[in-house]
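Notes follow once the structure below has been shown.
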Amino acid sequence: MCDRHGDYRVPDLSRLKTSRRRFLGGTAAALTLAAGPGLVGRAAAASGIRATHGTGFCNLNFFLAEAMQLAKDDGLTIDFVNTPTFSDQVTFLGMGQVDAGVMPYTSFMALYDAGAPVKIVAGGGIEGCVLVAQPGLDSPEKLKGKTLGTFQLDTLEVLPYDWLKKNGVAFKDITVRYMGSTPEAVEAFRAGALDIISTIEPYGTALLTDVKGAVKLSDGTDIYGKGYTDCVLAVRNELIAKNPAAVRALIKGMMKAQALAEGDPQAALNKLVGSYYKTSMSNAQLAMGRQPSVVDARNQTQFILDRTDSVAEMGYIKKKPGRDAIDWTLLEQVIAENPDLYSKLKLKSA
């Protein structure tokens with residue numbers, strides 16, 4: 001799960017409303033990674049690395065790495081600094097005010113289309129997106145003329161677009177209502193103001209449980225397959241060129257976090273729920289299982305590139321990212337240098 005906070009603005013683009021997923025609440029944050037002694041002599045930037053993220057479960061590896069300072073052995077310390085909105089987080093990366101960020105692949109595409117020099121270097125969260133309909137709306141044909149609640153230029157908009165297209169229904173044949181937050185969308189669905197909702201876990205499961213007869217149209221796996229990506233780690237090109245050692249340390253720290261979280265999920269949540277995740281432990285347990293945070297997303301390369309077609313068809317971008325927009329080089333170096341660590345990961349590229 002990836003939170004969205006406030007309006008989403010990127011350089012040279014009109015105002016895009018992508019606020020959503022306030023499952024966790026709290027304030028958006030910027031991640032500052034200060035280069036420590038271990039990076040001296042290895043192309044370390046004196047000012048360190050600055051990065052942004054949301055507050056959802058696709059950021060779990062970021063959070064756990066900071067909570068336990070898992071990059072410290074490689075000379076990298078992690079500190080969080082508050083930033084106002086998710087819009088600022090994405091815009092800061094595009095304008096070079098920060099160096100890296102975890103974000104939905106749709107946000108990355110918008111930055112790329114706006115001319116930002118950024119690349120995808122590792123993975124974030126996988127799966128967790130759910131398309132739910134009111135009782136009786138159990139086939140694509142019955143959805144024509146119905147109202148969908150979703151979030152603009154978001155993976156939660158691309159999922160219904162792709163699902164409907166695959167099932168022979170044009171997106172223009174439904175009424176799309178862009179929501180301000182996940183709680184707002186959920187309550188609108190409960191009240192019957194929405195016929196269909198594109199949401200994230202644990203809300204999808206909660207609605208299927210609470211709204212008698214509600215229909216799960218898709219959880220994404222039926223059209224995308226298991227392990228489809230929702231968020232990615234994007235980094236500015238100059239950071240890759242000038243400070244690759246620091247990026248490797250960040251990726252390695254996130255990989256350590258993934259190994260720890262997979263090995264003892266409850267221990268990880270004990271460190272994060274309350275301080276990083278403003279939610280109940282039961283909701284956190286469900287969300288963690290529904291949207292794991294996975295560093296090695298190499299097997300999602302084609303999936304990400306294929307989604308550029310959908311985003312372009314929807315009119316959001318003009319310049320589709322090509323294969324050169326994704327660079328797994330530093331991720332592969334970390335894997336090669338840390339075979340024992342990598343072997344501990346349960347979820348990784350096939």
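The figures here come from the full heavy-atom set of this structure, side chains too, leaving out hydrogens, waters and symmetry mates. Note that the coordinates shown come from a computational prediction; the quantities given were computed from them, not determined experimentally.
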> Checking side-chain contact (heavy atoms from CB on, under 4.5 Å) for the pair D173/L164: CA distance, chi angles, key distance, verdict?
Replying inline: CA-CA 10 Å; D173 290 338; L164 289 167; over 6 Å; no
> At their closest point, which heavy atom of D222 faces which heavy atom of W163, and how far apart are they?
Replying inline: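 Looking at all heavy atoms of both residues, the closest pair is OD2-NE1, 3.2 Å.
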> If you look at every heavy atom in W328 and A297, which pair is closest and at what distance?
Replying inline: CZ2-O, 3.5 Å
Looking at side-chain heavy atoms only, is the closest gap between [X] and [Y] below 4.5 Å?
{"X": "D162", "Y": "R307", "value": "yes"}
{"X": "N270", "Y": "M281", "value": "yes"}
{"X": "L60", "Y": "Y277", "value": "yes"}
{"X": "L153", "Y": "V311", "value": "yes"}

Any luck finding a side-chain donor-acceptor pair between [X] and [Y] under 3.5 Å?
{"X": "Y161", "Y": "E313", "result": "yes"}
{"X": "E262", "Y": "Q258", "result": "yes"}
{"X": "D296", "Y": "S349", "result": "yes"}

Got a second to check how far [X]'s [atom1] is from [Y]'s [atom2], nearest 0.5 Å?
{"X": "L156", "Y": "F151", "atom1": "CG", "atom2": "CZ", "answer": "6.5 Å"}
{"X": "Y112", "Y": "K119", "atom1": "OH", "atom2": "NZ", "answer": "7.5 Å"}
{"X": "L148", "Y": "F189", "atom1": "CG", "atom2": "CZ", "answer": "10.5 Å"}
{"X": "T229", "Y": "I120", "atom1": "OG1", "atom2": "CD1", "answer": "8.0 Å"}
{"X": "L64", "Y": "Q69", "atom1": "CG", "atom2": "CD", "answer": "11.0 Å"}
{"X": "M255", "Y": "N338", "atom1": "CE", "atom2": "CG", "answer": "7.5 Å"}

Is the backbone N or O of [Y] less than 3.5 Å from a side-chain atom of [X], with the two atoms forming a donor-acceptor pair by type?
{"X": "D230", "Y": "G125", "answer": "no"}
{"X": "D74", "Y": "L76", "answer": "no"}
{"X": "E187", "Y": "A191", "answer": "no"}
{"X": "K256", "Y": "L70", "answer": "yes"}
{"X": "R323", "Y": "I326", "answer": "yes"}
{"X": "K348", "Y": "Y342", "answer": "yes"}

> Can D219 and E127 be said to form a side-chain contact (heavy atoms from CB on, under 4.5 Å), step by step?
Replying inline: CA-CA 8 Å; D219 63 3; E127 300 186 15; over 6 Å; no
>> So that I can tick it off, tell me whether D309 and K320 are bridged by a salt bridge, with the cut-off set at under 4.0 angstrom between side-chain N and carboxylate O.
In response: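 Looking at D309 together with K320, the answer is yes, because their closest N to O distance falls below 4.0 Å.
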> Where do M103 and L111 land on the side-chain contact (heavy atoms from CB on, under 4.5 Å) test, with the steps shown first?
Replying inline: CA-CA 11 Å; M103 62 186 62; L111 287 177; 3.9 Å; yes
> Which is it for D195 and L143 under the side-chain contact (heavy atoms from CB on, under 4.5 Å) test, yes or no, and what are the steps along the way?
Replying inline: CA-CA 8 Å; D195 301 304; L143 303 181; over 6 Å; no
> Checking ring pair (Phe, Tyr, Trp, His ring centres under 6.0 Å) against Y276, which of F63, F57, F62 comes through?
Replying inline: F63
>> Suppose clustering is done on Ile, Leu, Val, Met, Phe, Trp and Tyr with side-chain heavy atoms closer than 4.5 Å. Which residues sit in the same group as L347?
In response: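 Besides L347, the cluster holds I126, V294.
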>> Going by ring-ring contact (aromatic ring centres under 6.0 Å, His included), name the pairs with one or both residues in residues 213-258, residues two or more places apart or in two chains.
In response: Y224-Y228, Y224-F303
>> Heavy-atom count check: over 12 atoms from other residues, nucleotides or ligands less than 6.0 Å from K344 NZ?
In response: no
